[in-house]
Number of protein chains: 2
Amino acid sequence: MQRIAVADRRASLLAAALRVIARDGVARASTRVIAAEAGMPTASFHYVFASHAAMLEELVAGILEAQAAAVAEAVGEAGTLHEFAGGALQGWLDRAAAEPAVEIALQDVVAFSRASPDLHHLAATVYEHYAASVAGFVAAAEERFGVRWTVPSADVARFVLVLTDGVAARWLVDRDEAAARRALALGTRALLALVQEQRP
Amino acid sequence: MQRIAVADRRASLLAAALRVIARDGVARASTRVIAAEAGMPTASFHYVFASHAAMLEELVAGILEAQAAAVAEAVGEAGTLHEFAGGALQGWLDRAAAEPAVEIALQDVVAFSRASPDLHHLAATVYEHYAASVAGFVAAAEERFGVRWTVPSADVARFVLVLTDGVAARWLVDRDEAAARRALALGTRALLALVQEQRP
DNA sequence: CATCGACTTGGACGGGTGTCCAACTCGACG
DNA sequence: CGTCGAGTTGGACACCCGTCCAAGTCGATG
């Protein structure tokens, strides 16, 4: 019955939703279950969010923002292209490994949204966000290290996402972090092999 | 009311389930909806399958079997290692592109099963199947072309799955087949770069 | 032709779902 | 200190879910 600022409720509910989705999957993350996980009555959910779908959208937006920031930091002071590319990929995995729930929830929600009329755009939005984010890194690499590629930049960016998506999917199932790191190392090698010329 | 052999009902229901899952997602693929899609009363579902979960298991098993056969055929008469590796990857995509519903359903069910107590083992089973299947191809490459790798065979196999999973995830969202083929071509190059020595 | 067991299925069971309303509570402002 | 509107929430609404039973219906077998 105590009054809580709407922003705090929102944060609590989003955190609770993340936990529930990671534990039981989106399909079981109902408004009742999420509200209970947050220690609130069910009706509070709809006082904060317009709908269940709207909440999922906010969840995903928040995750993407935090993820991009984490990777950008991991790569801040890379001195060589190899450090830059490897640092970005391994930094991404560091974050995923540190908070698996976030990665699980993201994949789950994206998969779930594909077939949902209300959330159909979410999956596409996520990839647009990713593509833009990775394209930014590729551009940064070109600028900082004077790299030229043997294939279009867009293909380089796409290949990076193939690596992260593929590694994530497998890692979420077997949780073999060492193997995931080896796969990313091979990916880094493949990426560097796409360099045509480079200036220090 | 007409009598139908149980095997036929089973096949009809599995085909209907595939359609519904591809169209509306696993979460909406209820026994009622699937039975209706197959033109049967709801109760027929449980005359054929012990449970909803058991049906999903059969669905996945059938898909994996067909998929492995298709890729094996695509690679039958490869003359060079490059043809072999590229053929396997592009052959896999050929099949996925020819029948997107199958790939969609597979990914959806695997994602859904992760959090389901009844189906928890399914995701792991799928990857075991894949890993064994790809390991077979790697071994075949070693034998047919006298290949030796710079990394353990298991890592090569894992990298192949990273490529297919990553490409599939993106392709299912944007359906850009040309881009998917370019990404697989880059993957093939990366794979061939892992070869240490080779004998004709 | 009678019988019997495999096949078929309408309908019920107990449960879960997203959403929303009407009634309540309370803190701040006039 | 009274009022008023924002905050809170129990409970209802209409719906969908997996599962299963009991009552029917048929085709083959004796």
Side-chain angles (χ1 to χ4, degrees), chain A residues 1-14 16-21 23-60 108-109 111-113 115-120 122, chain B residues 1-14 16-21 23-60 108-109 111-113 115-120 122:
Chain A
M1 210 191 287
Q2 58 177 329
R3 299 190 172 211
I4 301 176
V6 177
D8 291 349
R9 266 192 206 278
R10 188 182 303 269
S12 292
L13 284 169
L14 286 174
L18 189 83
R19 264 175 278 139
V20 172
I21 293 173
R23 190 196 328 125
D24 306 323
V26 225
R28 283 167 201 77
S30 64
T31 57
R32 281 166 176 78
V33 171
I34 292 170
E37 171 87 18
M40 300 177 192
T42 305
S44 293
F45 188 98
H46 281 91
Y47 186 73
V48 175
F49 298 109
S51 70
H52 186 251
M55 183 275 284
L56 288 181
E57 291 198 60
E58 283 197 35
L59 221 209
V60 168
D108 230 20
V109 174
F112 178 77
S113 69
S116 163
D118 295 344
L119 294 169
H120 185 59
L122 234 184
Chain B
M1 208 191 282
Q2 57 176 329
R3 299 187 171 215
I4 302 175
V6 177
D8 291 348
R9 265 191 207 280
R10 187 182 305 267
S12 292
L13 284 169
L14 286 174
L18 189 82
R19 265 176 276 139
V20 173
I21 293 174
R23 188 197 328 127
D24 305 323
V26 224
R28 283 167 202 77
S30 64
T31 57
R32 280 168 177 78
V33 172
I34 292 170
E37 171 87 19
M40 301 179 191
T42 305
S44 293
F45 188 99
H46 282 90
Y47 186 74
V48 174
F49 299 108
S51 70
H52 187 250
M55 183 275 284
L56 288 180
E57 291 199 62
E58 283 196 35
L59 221 211
V60 169
D108 230 21
V109 174
F112 178 78
S113 69
S116 162
D118 294 344
L119 294 169
H120 185 60
L122 233 186

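Below, chains carry the letters A, B, ... as their sequence lines are ordered, and counting in each starts from 1.
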Exercise. D:dA6 phosphate, OP1 or OP2: any side-chain N/O from A:R9 under 4.0 angstrom?
Worked result: no

For this session: Determine: side-chain N/O of A:S44 to OP1/OP2 of D:dT9, distance under 4.0 Å, yes or no.
Result: yes

May I have the distance from [X] (atom [atom1]) to [N] (atom [atom2]), rounded to whole angstrom?
X	N	atom1	atom2	answer
B:L56	D:dT19	CG	P	10 Å
A:R28	D:dC17	CZ	P	15 Å
B:H46	D:dC17	NE2	P	13 Å
A:I4	C:dT25	CD1	P	18 Å
A:D8	D:dT8	CG	P	10 Å
A:F45	D:dT8	CZ	C1'	16 Å
B:L13	C:dC7	CG	P	15 Å
A:I34	C:dG16	CD1	P	16 Å

For this session: Kindly indicate whether the side chain of B:S44, heavy atoms from C-beta on, has any atom under 4.5 Å from the side chain of B:R9.
Result: yes

For this session: Taking the side chain as every heavy atom from C-beta outward, state whether B:R28 and B:V20 have any pair of such atoms under 4.5 Å apart.
Result: no

For this session: Using a 4.0 Å heavy-atom cut-off across all strands, classify A:S30 as base, sugar-phosphate, or nothing.
Result: sugar-phosphate

Exercise. Taking NZ, NE, NH1 and NH2 as the nitrogens, is one of them in A:R32 or A:E37 under 4.0 Å from a carboxylate oxygen of the other?
Worked result: no

Seminar exercise, completed: Rounding to 0.5 Å, atoms CD1 (A:I4) and OG (A:S12) come to a distance of 6.5 Å

Exercise. Which distance, rounded to the nearest 0.5 Å, do you find between the CD1 of B:I21 and the CD1 of B:I34?
Worked result: 6.0 Å

For this session: Taking all heavy atoms of B:A111 and all of A:A111, pick out the closest pair and write down the distance.
Result: CB-CB, 4.1 Å

Seminar exercise, completed: Nearest heavy-atom approach of A:A115 to B:G25 is CB-N, 3.4 Å

Any N/O pairs under 3.5 Å between the protein and nucleotides 10-12 of chain D? List them or say none.
none

Show me the donor-acceptor pairs, under 3.5 Å and distance only, between side chains in residues 47-59 of chain B and residues at least two apart or in other chains.
residue: B:S51; atom: OG; partner: B:A53; partner atom: N; Å: 3.4
residue: B:S51; atom: OG; partner: B:A54; partner atom: N; Å: 3.1
residue: B:H52; atom: NE2; partner: B:A29; partner atom: O; Å: 2.8
residue: B:E57; atom: OE1; partner: B:H121; partner atom: NE2; Å: 2.9
residue: B:E58; atom: OE1; partner: B:R10; partner atom: NH1; Å: 3.3
residue: B:E58; atom: OE2; partner: B:R10; partner atom: NH1; Å: 2.9

Nucleotide N/O of nucleotides 1-6 of chain C paired with protein N/O under 3.5 Å:
none

For this session: Show your reasoning for whether side-chain contact (heavy atoms from CB on, under 4.5 Å) applies to B:H120 and B:S113.
Result: CA-CA 6 Å; B:H120 185 60; B:S113 69; over 6 Å; no

